[in-house]
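Residue numbers run from 1 in the order of the sequence given. Ligands are counted one by one from 1 in listed order, and the atoms in each one are counted from 1 as well.
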Amino acid sequence: MTENLIEAAADEAVTLTSELIRIDTTNTGDPDTVVGERAAAEYVAEKLTEVGYEISYVESGGTNRHNVVARLPGADPTRGALLVHGHLDVVPADPAEWSVHPFSGAVQDGYVWGRGAVDMKDMVGMTLALARHYKREGIVPPRDMIFAFLADEEAGGKYGAQWLVSNRPELFDGATEAISEVGGFSITLKDDVRAYLVETAQRGIRWMTLRVRGTAGHGSMIHRDNAVTKLSEAVAKLGNHRFPLVVSDSVREFLDGVTEITGWDFPDDDLEGSVAKLGNISRMIGATLRDTANPTMLTAGYKANVIPSVAEASVDCRILPGRVDAFDRELDDLLGPDVEREWMELPPVETTFDGAIVDAMGAAVTAEDPGARTLPYMLSAGTDAKAFQRLGIRNFGFAPLQLPADLDFSALFHGVDERVPVDALKFGTRVLDRFFRNA
Ligand SMILES: [Zn+2]
């Protein structure tokens with residue numbers, strides 16, 4: 001009986017994911033052009049109220065930027081609540097590049113296709129299906145659960161999680177731990193042995209502007225104080241700079257776990273070379289061994305024969321946990337005092353891979369995939385976890401999916417032909433159900 005009901009919830013997760021993909025929630029980063037989040041929030045609100053939830057429906061600092069938060073009381077109200085959050089927006093997709101229309105939500109060849117299939121309408125669909133299942137069946141989880149469906153993650157959460165944490169923190173009252181993207185997916189390490197990667201850390205994001213001033217003048221003259229020349233030197237220096245190799249705790253635990261399963265060695269003197277053995281996932285793991293600073297935009301001048309007085313560059317910096325001060329000192333040395341720097345920053349995130357919640361994740365995974373292991377890892381990018389860390393909440397990426405060994409999962413994020421296996425969604429719903437009942 002229970003088994004049939006959870007299978008029905010798993011089927012519903014597939015339907016909900018597909019229907020959510022059909023709502024185009026493209027987030028361009030320009031608030032004026034973001035329109036679809038509202039329809040998705042209304043869809044989620046209706047699915048929750050239909051089964052009896054009282055919801056908070058919140059506009060977060062901008063027109064059409066809507067969020068839905070609902071609570072499910074647990075058996076022990078003295079325990080901290082578990083927050084399960086997911087974002088409803090997606091990055092843009094160009095239909096001309098895709099095999100199926102990115103907003104079709106097509107269910108074919110064993111996959112649900114479309115923008116958001118792995119980032120992260122899959123997790124939203126699974127969460128929503130279980131929230132509905134629990135309410136309909138009167139299932140009481142061990143502690144309070146808070147379900148949050150959020151706007152604007154893909155542009156940093158200014159009109160979503162960050163806004164809610166600043167302006168409506170009471171919505172998350174009592175929450176001590178949270179799960180969301182990007183983690184819980186499997187990698188196949190040998191034959192049929194899988195590791196499920198739980199995200200316990202994230203690099204910080206710093207979007208930095210470099211500004212150099214010089215003397216304006218005529219382009220035909222001898223000119224020693226050219227802002228464009230000075231900026232170019234600074235950009236080249238920073239772009240070519242290699243920050244030191246740092247093995248954070250989460251990376252070390254991950255590599256040790258892989259060694260235990262496979263016997264592979266990750267020697268300190270060839271860490272980056274040996275990480276390549278991990279295959280597709282090495283792109284993600286490799287990016288968590290150092291800070292990075294990639295120049296992305298240049299702005300200067302307005303006419304070929306006029307030397308401008310100022311030149312600017314944008315640099316996308318990603319900084320490891322514990323490295324922010326050292327990163328600043330390194331930039332001071334590298335760029336000197338004449339290069340002005342200003343930035344928007346979201347700090348690194350880090351928690352430990354231990355405690356009852358981590359045990360519950362492991363137990364839920366191995367109940368559905370005997371012989372598997374959960375391992376911590378660090379995400380090279382950032383998520384809404386950065387906002388919830390401000391409330392002192394421990395953040396984990398745990399959106400479980402059992403994936404085929406040959407699927408290049410990390411390439412699907414923001415990629416062409418983003419899709420999620422139907423079986424993975426059903427597997428993930430069963431794992432989450434076990435986890436929610438024991439977390
Ligand atoms: Zn995402």
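- Taking backbone and side-chain atoms together, E153 has no N/O/S atom less than 2.8 Å away from the Zn ion (ligand 1).
- The minimum distance between the Zn ion (ligand 1) and any N, O or S atom of D119 involves atom OD1.
- The Zn ion (ligand 1) lies at 2.8 Å or more from every N, O or S atom belonging to E154.
- Taking 4.5 Å as the limit, every side-chain heavy atom of T188 sits out of range of all side-chain heavy atoms of V193.
- Of all heavy-atom pairs between A293 and F243, the closest is CB-CE1, 3.9 Å.
- Judged by distance alone, the side chains of T296 and D316 never bring a donor and an acceptor atom under 3.5 Å apart.
- Restricting E181 to its N/O/S atoms, the shortest distance to the Zn ion (ligand 1) is reached by OE1.
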Query - ring pair (Phe, Tyr, Trp, His ring centres under 6.0 Å) evaluation trace for F409 with F185 - result: CA-CA 9 Å; F409 184 61; F185 55 90; 5.0 Å; yes

